[in-house]
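Shown next, in structure tokens, is the structure this report addresses.
One-based numbering along the sequence shown.
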Amino acid sequence: MRIIISPAKKMREDTDSLAPSGLPDFLPETQRLLDALRQMDARALQKLWGCNDAIAALNLQRLERMDLERNLTPALLSYEGIQYQYMAPGVFESGQFAFLQEHLRILSGFYGILRPFDGVTPYRLEMQAKLRVGDCRDLYAFWGDKLARQLAQETGLVINLASKEYSRAVEPHLPASVRMLTCVFGELQGEKVVEKGTICKMARGRMVRWLAEQGITQPEGLLAFQELGYRFSPAHSSENRLVYIREP
């Protein structure tokens, strides 16, 4: 089983808490992306990043001094978004870290796919960014089926806790031998299940923590998740889609 999640825009450096255990698998591809970004001027980069002047200035500085192999932070500790706050990786026990290193994979527009303790440096590059690299018009074309092939080599079951922006980089390319089971966290509005961005991110992070705490490795185990007011709803679920409903 492999659990896939999205990264976060906000990142930090932490070279003191825990040491990285290795480098990302797709570092040559990351170097190509870094080279492409360094060829762009400041105005084009800010447009690509879709950010304000202060964030653009920070990331221009990062880009200038970026080193892909030194002074790195474990990926799991580097991201600071809501999902990661509710996962709270800083207070995991060693056994839970071992579970995540084996089962959790973080999708990234810049790094492709990351194990939790792969060493990374802060960057800004969303998967949907329109970055042209060679003959590739965007990052979906750049990564192609590489991420799906990597996952297929590791497992026959993918638990999808990633946003659509990131799962889109994997799902269309998975072979029929690999099952993708998508978890949906929503509220009922009439007969419709509606997902709300912030609480969904919270639930995804909390589910990762819960899976690590419980040591769950089979899809049936996911049905017992009951955090943040969510409960599994058989009536709204299907074979490859587990729906959890929260009372508003």
Side-chain angles (χ1 to χ4, degrees), residues 2-11 20 22-53 55-70 72-73 75 78-79 81 104-116 118-156 158 160-180 182:
R2 294 294 181 269
I3 308 154
I4 58 171
I5 62 173
S6 306
K9 290 181 184 178
K10 189 176 180 182
M11 298 183 70
L23 295 172
D25 286 338
F26 294 107
L27 211 56
E29 287 85 350
T30 302
Q31 184 64 58
R32 285 187 63 198
L33 293 175
L34 178 56
D35 292 342
L37 291 170
R38 282 176 167 167
Q39 291 171 15
M40 300 171 66
D41 62 31
R43 181 176 296 182
L45 283 166
Q46 184 168 1
K47 182 178 180 181
L48 179 77
W49 291 330
C51 62
N52 61 34
D53 292 347
I55 293 175
L58 171 63
N59 283 281
L60 284 167
Q61 291 176 0
R62 285 174 170 173
L63 200 58
E64 185 176 338
R65 60 182 175 86
M66 189 173 288
D67 188 326
L68 300 178
E69 298 189 27
R70 295 176 183 83
L72 305 177
T73 302
S78 183
Y79 296 108
L104 183 67
R105 298 294 179 264
I106 303 167
L107 304 181
S108 164
F110 190 56
Y111 283 104
I113 193 165
L114 293 163
R115 293 174 293 265
D118 285 348
V120 302
T121 189
Y123 67 90
R124 187 178 180 93
L125 189 65
E126 296 179 72
M127 187 66 79
Q128 62 188 359
K130 302 295 185 182
L131 177 64
R132 183 176 290 276
V133 184
D135 295 332
C136 300
R137 68 186 182 280
D138 58 22
L139 292 177
Y140 293 110
F142 177 80
W143 289 112
D145 65 354
K146 289 179 181 178
L147 312 187
R149 285 194 287 112
Q150 177 68 34
L151 287 168
Q153 290 174 9
E154 297 183 19
T155 187
V158 174
N160 179 21
L161 292 175
S163 66
K164 291 178 182 177
E165 173 191 348
Y166 284 90
S167 61
R168 178 185 157 195
V170 170
E171 188 171 14
H173 306 291
L174 283 174
S177 58
V178 179
R179 179 188 182 192
M180 177 179 273
T182 297

I'd like to check [X] versus [Y] (side-chain heavy atoms, cut-off strictly below 4.5 Å). Are they in contact?
{"X": "Y79", "Y": "I106", "result": "yes"}
{"X": "L114", "Y": "V120", "result": "yes"}
{"X": "L37", "Y": "L45", "result": "yes"}
{"X": "L125", "Y": "L33", "result": "yes"}
{"X": "L147", "Y": "M127", "result": "yes"}

For [X] and [Y], which heavy atoms make the closest approach, and how far apart are they?
{"X": "M66", "Y": "P122", "value": "CE-O, 3.3 Å"}
{"X": "Q46", "Y": "C51", "value": "NE2-O, 3.0 Å"}
{"X": "L161", "Y": "I3", "value": "CD1-CG2, 3.7 Å"}
{"X": "A162", "Y": "S167", "value": "CB-N, 4.1 Å"}
{"X": "P20", "Y": "L72", "value": "CG-O, 3.6 Å"}
{"X": "L131", "Y": "L48", "value": "N-CD1, 3.9 Å"}

Reported [atom1]-to-[atom2] distance for the pair [X] and [Y], which is rounded to 0.5 angstrom:
{"X": "L23", "Y": "L68", "atom1": "CG", "atom2": "CG", "answer": "9.0 Å"}
{"X": "N160", "Y": "I4", "atom1": "CG", "atom2": "CD1", "answer": "4.0 Å"}
{"X": "Q150", "Y": "H173", "atom1": "CD", "atom2": "NE2", "answer": "14.5 Å"}
{"X": "F110", "Y": "M11", "atom1": "CZ", "atom2": "CE", "answer": "9.5 Å"}
{"X": "L63", "Y": "M40", "atom1": "CG", "atom2": "CE", "answer": "9.5 Å"}
{"X": "R179", "Y": "T182", "atom1": "CZ", "atom2": "OG1", "answer": "10.0 Å"}

Please confirm whether the backbone N or O of [Y] pairs with a side-chain atom of [X], one donor and one acceptor, at under 3.5 Å?
{"X": "D138", "Y": "A141", "value": "yes"}
{"X": "Q128", "Y": "E165", "value": "no"}
{"X": "Y166", "Y": "P7", "value": "no"}

Could you name each residue pair satisfying salt bridge (Lys or Arg N to Asp or Glu O under 4.0 Å) that touches [range], not counting sequence neighbours?
{"range": "residues 25-40", "value": "D25-R115, E29-K146"}
{"range": "residues 122-133", "value": "K9-E126"}
{"range": "residues 40-52", "value": "none"}

R168, CZ: over 12 other non-hydrogen atoms inside 6.0 angstrom: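 Open.
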
Enclosure of D135 CG (heavy-atom neighbours >12, cutoff 6.0 Å): no

Donor-acceptor side-chain pairing of Y123 and T30 below 3.5 angstrom: no

Chi angles and distances behind the side-chain contact (heavy atoms from CB on, under 4.5 Å) call for I113, L151: CA-CA 9 Å; I113 193 165; L151 287 168; 3.7 Å; yes

Test log, rule side-chain contact (heavy atoms from CB on, under 4.5 Å), inputs W49 and N59: CA-CA 9 Å; W49 291 330; N59 283 281; 3.6 Å; yes

